[in-house]
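Numbers for residues simply follow the sequence, beginning at 1. A quick note: this is a predicted structure, and the numbers were derived from the prediction, not measured. Computation of the quantities below employed the complete heavy-atom set of this structure, encompassing side-chain atoms and omitting hydrogens, waters and symmetry-equivalent molecules.
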Amino acid sequence: MMRLVAAAVLATLPLPALASSCAEQIGTIERRLDSAGAVRVAGLMDGHELRTGSPRGLTTVRTGSPSDPETVSTADHIAAARALIVRASAEDRGGDKRACENTMTEAKGMIGALP
């Protein structure tokens with residue numbers, strides 16, 4: 001009887017929400033878009049803060065051009081990536097993991113190589 005009561009109590013307790021892999025990607029790309037490199041390309045957008053201190057971020061500013069000229073980041077590409085992140089967030093909330101991941105792949109391509 002005690003086991004049944006304990007099981008019923010445990011079943012009704014709220015469990016922590018697990019972040020999806022897409023949500024983690026969204027957070028990573030949002031940090032990238034609020035980095036010094038993105039601000040250098042597009043300026044600091046309203047409602048965004050410059051984020052520093054990423055544990056995986058570069059410690060120095062890259063110089064020179066990327067090896068692939070198609071990956072040069074522009075202000076328009078960063079704006080498009082921000083719109084894609086909004087779409088990916090909606091897809092993630094809706095449970096469409098594949099669509100979210102596809103949208104995030106597109107957003108990453110739009111951002112390109114930030115300085």
Side-chain angles (χ1 to χ4, degrees):
M1 179 68 167
M2 285 300 278
R3 287 184 189 193
L4 184 59
V5 171
V9 169
L10 286 175
T12 61
L13 290 176
L15 297 175
L18 300 175
S20 71
S21 63
C22 201
E24 292 170 5
Q25 288 182 55
I26 291 168
T28 298
I29 296 303
E30 286 176 331
R31 285 188 298 277
R32 251 184 102 195
L33 290 174
D34 292 337
S35 70
V39 169
R40 186 169 158 198
V41 171
L44 190 59
M45 302 295 161
D46 289 337
H48 291 95
E49 296 178 12
L50 180 62
R51 298 187 193 189
T52 59
S54 171
R56 297 170 108 190
L58 297 174
T59 56
T60 59
V61 175
R62 283 195 256 179
T63 57
S65 301
S67 58
D68 182 359
E70 293 292 317
T71 64
V72 173
S73 191
T74 67
D76 289 340
H77 288 161
I78 289 175
R82 288 187 191 281
L84 289 169
I85 287 175
V86 170
R87 186 172 92 195
S89 295
E91 291 165 345
D92 189 48
R93 280 191 307 276
D96 194 346
K97 181 180 175 181
R98 183 168 307 273
C100 181
E101 290 174 351
N102 290 340
T103 302
M104 287 309 301
T105 298
E106 188 178 348
K108 292 173 193 175
M110 290 302 294
I111 294 169
L114 292 171

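- The closest side-chain heavy-atom distance from V86 to R82 is not below 4.5 Å.
- Hydrophobic clustering, with ILVMFWY side chains joined whenever heavy atoms are under 4.5 angstrom apart, groups I85 together with I78.
- A side-chain hydrogen bond (donor to acceptor under 3.5 Å, both in side chains) with T28 is found for one member of E24, E30, R31 and no other, namely R31.
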Please set out all donor-acceptor pairs under 3.5 angstrom arising from side-chain atoms of residues 102-114, sequence neighbours excluded.
unit_1: N102; atom_1: ND2; unit_2: R98; atom_2: O; d: 3.4
unit_1: T103; atom_1: OG1; unit_2: R87; atom_2: NE; d: 3.4
unit_1: T103; atom_1: OG1; unit_2: R87; atom_2: NH2; d: 3.2
unit_1: T103; atom_1: OG1; unit_2: E91; atom_2: OE1; d: 2.8
unit_1: T103; atom_1: OG1; unit_2: E91; atom_2: OE2; d: 3.3
unit_1: T103; atom_1: OG1; unit_2: A99; atom_2: O; d: 2.9
unit_1: T105; atom_1: OG1; unit_2: E101; atom_2: O; d: 3.0
unit_1: E106; atom_1: OE1; unit_2: R87; atom_2: NH2; d: 3.4
unit_1: K108; atom_1: NZ; unit_2: Q25; atom_2: OE1; d: 3.0

